Amino acid sequence: MAENKIPYKIYLEEQEMPTKWYNLRADMKNKPAPLLNPGTHEPMTAEELNGVFCEELVKQELNNDDRFFEIPTEIQDFYRMYRPSPLVRAYCLEKKLGTPAHIYYKFEGNNTSGSHKLNSSIAQAYYAKKQGLKGVTTETGAGQWGTALSMACSYFDLDCKVYMVKVSYEQKPFRREVMRTYGATVTPSPSMETEVGRKILAEHPDTTGSLGCAISEAVEVAVTNEGYRYVLGSVLSQVLLHQSVIGLETKTALEKYGIKPDIIIGCAGGGSNLGGLIAPFMGEKLRGEADYRIIAVEPASCPSFTRGVYAYDFCDTGKVCPLAKMYTLGCDFIPSPNHAGGLRYHGMSSILSQLYDDGMMEAVSRKQTEVFEAAEMFARVEGILPAPESSHAIRVAIDEALKCKETGEAKNIVFGLTGTGYFDMVAYEQYHNGTMTDYIPTDEDLAFYRKQLPQF
Ligand SMILES: *Cc1c(COP(=O)(O)O)cnc(C)c1O
């Protein structure tokens with residue numbers, strides 16, 4: 001059979017790795033809306049952003065025009081320690097499903113952080129070091145971003161202060177210890193260390209925390225400490241830029257075997273892995289050179305694309321960050337505590353939001369029990385224990401492969417396997433014990449948070 005020529009794992013040679021990041025915005029006719037100053041509602045200037053973010057990253061954030069950015073040699077060297085990541089043909093999953101579809105996944109979990117986040121954290125730490133900063137602050141939810149940033153900071157000898165959503169801090173003590181192994185300080189958020197943390201605790205003493213709240217604390221600490229800047233692991237356009245290495249490698253690997261994907265699927269929290277995976281493919285689509293179905297998968301409990309609105313909103317609960325135009329549930333939205341699987345941010349990358357609004361991609365949501373069912377099936381046949389976040393993409397890849405079984409079509413399905421799930425065993429345990437529940441916010445719930453969107 002001809003298809004057997006395609007190996008289980010398509011690896012690239014080191015010299016085939018990308019040397020430039022691809023900036024998808026250069027090919028968008030409708031550019032993503034600019035970040036706005038929350039006080040004046042005017043577009044944020046580089047000068048204003050430089051107070052919060054590293055200068056070189058601000059340039060990347062504001063650049064809608066240059067198609068490529070050279071990847072500095074130091075970052076390329078770091079990438080070589082754990083990249084290129086394999087593109088795997090899921091032969092065993094195909095067999096299990098009895099589908100004629102060909103399923104491929106790009107596996108980003110092969111590094112200690114356990115996810116794709118290292119692709120951006122190393123870039124952000126590099127620019128912070130180059131600027132002569134002492135350290136950086138950030139938030140982390142499930143913990144992958146905090147871990148990736150800790151690793152990058154220890155590599156460049158930078159201080160790293162992580163504000164970790166309280167519920168994850170308590171549920172995932174081992175994540176915290178991994179971060180501390182790399183020298184980071186980890187504080188559960190909301191904390192009494194910051195003004196915004198104290199305010200949120202006074203209003204909601206029992207809160208389990210949220211990403212939006214941890215962001216506010218990390219930003220406050222960055223702007224009030226000399227030599228510190230704030231860095232973010234998703235949502236921002238600079239992060240999607242760095243993550244384009246995922247898509248560029250995927251495209252090179254597929255082209256080696258003449259494979260053209262029909263459907264590209266990724267899970268969507270803030271949109272960085274999906275934005276990175278689809279970048280070169282979406283570029284072709286925008287330039288009219290090729291067509292692909294592109295599907296974002298989000299949790300039914302935090303449905304920013306599928307049930308949110310496209311509007312300017314705050315990126316954080318404390319309302320100290322710039323306003324971003326994005327699909328959002330409202331910055332006060334916090335997914336129900338029974339939601340286990342990450343992807344809990346209230347908004348979405350403004351690049352992906354614009355593309356979705358322009359009809360260039362689709363979005364679907366899945367309930368967490370369906371997601372864990374897919375995760376378990378995948379683990380049993382493909383071996384890798386997937387992160388719950390990644391399993392949203394697995395779920396929809398399986399669903400699309402099963403549709404192919406009905407129609408007899410041998411479509412090429414590519415999905416992003418963003419990470420491993422070793423620190424998510426409490427959630428897996430709930431699933432196995434049958435105690436995992438699904439929570440889907442009601443229309444009234446969503447209307448309540450939507451009403452609080454900034455009006456102007
Ligand atoms: C952070 C994370 C995600 C979601 O973030 P995006 O910015 O939407 O990519 C998905 N999977 C894993 C494993 C993660 O760590």
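Numbering of ligands and ligand atoms starts at 1, following listing order. All figures in this text were calculated on a predicted structure; none of them were measured in a lab.
The ring of Phe156 has its center no closer than 6.0 angstrom to the ring center of Phe78.
Of all the heavy atoms in Val239 and Ser120, the pair that sits closest is CG1-OG, 3.7 Å.
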Show the distances, to 0.1 Å, for all pairs joining an N/O atom of ligand 1 and a protein N/O atom that are shorter than 3.5 Å, listing one pair per line.
from     : atom 1 : to     : atom 2 : distance (Å)
ligand 1 : 7 (O)  : Ser234 : OG     : 2.4
ligand 1 : 7 (O)  : Ser272 : N      : 2.9
ligand 1 : 7 (O)  : Ser272 : OG     : 2.7
ligand 1 : 8 (O)  : Gly269 : N      : 2.7
ligand 1 : 8 (O)  : Gly270 : N      : 3.0
ligand 1 : 8 (O)  : Gly271 : N      : 2.8
ligand 1 : 9 (O)  : His116 : NE2    : 3.2
ligand 1 : 9 (O)  : Ser272 : OG     : 3.3
ligand 1 : 9 (O)  : Asn273 : N      : 2.8
ligand 1 : 9 (O)  : Asn273 : ND2    : 2.7
ligand 1 : 11 (N) : Thr418 : OG1    : 2.7
ligand 1 : 15 (O) : Lys117 : NZ     : 2.6
ligand 1 : 15 (O) : Gln144 : NE2    : 3.4

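The aromatic rings of Phe415 and Phe378 sit perpendicular, their planes meeting at an angle over 60°, well past the 30° parallel limit.
With hydrogens and angles disregarded, a donor-acceptor distance shorter than 3.5 Å links the side chain of Asn111 to the backbone of Ser113. Using a distance-only test at 3.5 Å, with no hydrogens or angles considered, a donor-acceptor pair links the side chain of Thr99 to the main chain of Ala401.
Residues meeting the salt bridge (charged side-chain N to carboxylate O under 4.0 Å, His left out) test with Lys59, sequence neighbours left out: Glu56.
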